[in-house]
There are 2 protein chains.
Amino acid sequence: MPSPHPAPTPQDYQALSEFRYQLRRFLRFSEDAAQAEGLTGLQYQLLLHIKGNPERDWALVGELAERLQIQQHGTVALVTRCEAAGLVQRVRSETDRRQVQVRLTARGEACLKRLAALHRAQLQSLSGVFQVAHISAFNDQL
Amino acid sequence: MPSPHPAPTPQDYQALSEFRYQLRRFLRFSEDAAQAEGLTGLQYQLLLHIKGNPERDWALVGELAERLQIQQHGTVALVTRCEAAGLVQRVRSETDRRQVQVRLTARGEACLKRLAALHRAQLQSLSGVFQVAHISAFNDQL
DNA sequence: CGCTGTTATGTCACAACATGATGTAATTGG
DNA sequence: CCAATTACATCATGTTGTGACATAACAGCG
């Protein structure tokens with residue numbers, strides 16, 4: 001058994017290509033929106049994951065690394081850039097002095113608020129786009 | 001009117017954060033799968049967009065730039081790296097000698113075939129994940 | 001035909017990003 | 001109290017994406 005998967009059909013290639021295209025278009029929108037606020041796409045995502053935690057208004061470096069799916073030391077560098085840009089603030093944990101709590105500054109919060117509103121609107125207008133690729137091309141075959 | 005959008009709710013932030021998290025997880029899968037074949041995620045996408053064209057078995061640099069949503073000269077560099085890796089081949093167009101047709105090599109085609117099969121399986125198993133974020137959290141409010 | 005503007009690709013320098021290798025301080029477990 | 005682990009950090013390195021710019025080929029027009 002050389003391959004555990006059946007060979008992709010021409011329709012598979014087309015659907016995968018279209019899916020990645022739509023994905024890139026959304027990420028491009030996100031990147032451009034972030035840059036209009038003076039930040040990068042990654043910096044926006046970092047702020048988003050701090051604010052997106054339902055339990056606390058801060059996040060640990062390691063938690064952010066998991067949400068961003070990058071290495072911890074990549075996150076360290078990103079937090080440093082965000083801190084230099086005045087978007088977040090490092091606070092040493094009282095209970096465990098190894099930990100660093102990353103908190104939003106007022107400026108970070110304001111940027112995030114505007115960007116999140118834009119993204120919410122964009123995703124609402126895109127409802128269905130991401131499904132199209134895999135539902136119509138893949139699930140139809142099931 | 002300072003803002004054309006209503007302020008995001010805590011649920012909006014959570015849903016946006018979760019959506020980007022799932023997106024990153026998928027992209028991480030894609031990146032890892034590509035690296036297991038010895039290429040990068042971008043290189044896989046380039047191959048995919050060549051093969052994903054229903055009309056031809058090649059693509060112009062400019063067309064690839066649009067599908068990848070990056071600048072043309074960024075695409076030039078990517079094509080050069082793919083060519084160096086033996087995945088694609090540049091062919092000057094006969095009809096318009098400004099144009100360069102990017103074609104898959106046998107090796108590129110083989111890598112792509114395996115990666116596309118993996119991605120198809122992964123997306124099938126993910127059916128619903130991308131919807132979850134914006135359908136459940138956004139569309140419910142409409 | 002020759003001039004101009006546009007299109008398609010390419011080059012170069014630069015900053016952001018992601019990783020591997022490695023380090024340091026704080027906490028935990030025996 | 002020592003060893004192992006955890007959390008964060010630094011450094012050097014390679015990839016990536018962009019802006020500024022260059023080159024070559026086509027297209028339209030007088």
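Below, chains carry the letters A, B, ... as their sequence lines are ordered, and counting in each starts from 1.
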message: For a quick check, tell me whether the side chain of B:His73 and the base of D:dG19 share a donor-acceptor pair closer than 3.5 Å.
response: yes
message: Test your reading of the model: is there a side-chain donor-acceptor pair from B:Ser30 to the backbone of B:Gly41, 3.5 Å cut-off?
response: no
task: Check every atom of D:dA9, D:dT16, C:dT9 against the side chain of B:Arg81 and return the nucleotide holding the closest atom.
output: D:dT16
- prompt: Among pairs that include at least one residue of residues 65-89 of chain A, which meet salt bridge (Lys or Arg N to Asp or Glu O under 4.0 Å), considering only residues two or more places apart or in two chains?
  reply: A:Arg67-B:Glu18, A:Glu83-A:Arg90
query: With a non-hydrogen cut-off below 4.0 angstrom, is A:Thr95 in contact with a base, only sugar-phosphate, or nothing?
result: sugar-phosphate
- request: Note the angle between the end axes of the helix from C:dC1-D:dG30 to C:dG30-D:dC1, five pairs defining each, rounded to 10 degrees.
  value: 20°
message: Could you tell me how far apart A:Leu78 (CG) and D:dC8 (P) are, to the nearest whole angstrom?
response: 14 Å
message: Any heavy-atom pair between the side chains of B:Trp58 and B:Val91 that's under 4.5 Å?
response: no
- prompt: Under 3.5 Å, is there an N or O donor on one side and an acceptor on the other linking the side chain of A:Arg98 and the base of D:dT6?
  reply: yes
message: Categorize B:Gln72 for me: base, sugar-phosphate, or nothing, with a 4.0 angstrom heavy-atom threshold over every strand shown.
response: base
field: Side chain of B:Asp96 - closest among D:dC26, D:dG19, D:dC8
entry: D:dC26
- prompt: How long is the line joining CG of B:Leu27 and P of C:dC17, in whole Å?
  reply: 16 Å
message: Under 4.0 Å, counting only non-hydrogen atoms across every strand here, what does A:Leu42 touch: a base, just sugar-phosphate, or nothing?
response: sugar-phosphate
query: Closest to the B:Thr40 side chain: D:dC8, C:dA18, D:dT16?
result: D:dT16
- prompt: For B:Gly74, which contact category applies under a 4.0 Å heavy-atom criterion: base, sugar-phosphate, or nothing?
  reply: base
task: When you get a sec, tell me which of C:dT19, D:dC8, C:dT11 is the closest nucleotide to the side chain of B:Val76?
output: C:dT11
- line: Taking D:dA9, C:dA18, D:dC26 as options, the one with an atom nearest any side-chain atom of B:Arg28 is C:dA18
task: From the options C:dG20, D:dT18, D:dC8, select the nucleotide whose nearest atom is closest to the side chain of B:Gln71.
output: D:dT18
query: If you check the A:Val61 side chain, which of C:dT9, D:dC8, D:dG17 turns out closest?
result: D:dC8
message: Assess the residue pair A:His119 and A:Tyr44 against the criterion (side-chain contact (heavy atoms from CB on, under 4.5 Å)); give the C-alpha distance rounded to whole Å, side-chain angles, the decisive distance to 0.1 Å, and a yes or no.
response: CA-CA 11 Å; A:His119 279 76; A:Tyr44 159 66; 3.4 Å; yes
- request: Provide, to the nearest angstrom, the distance between the CZ atom belonging to B:Arg97 and the C1' atom belonging to D:dA27.
  value: 18 Å
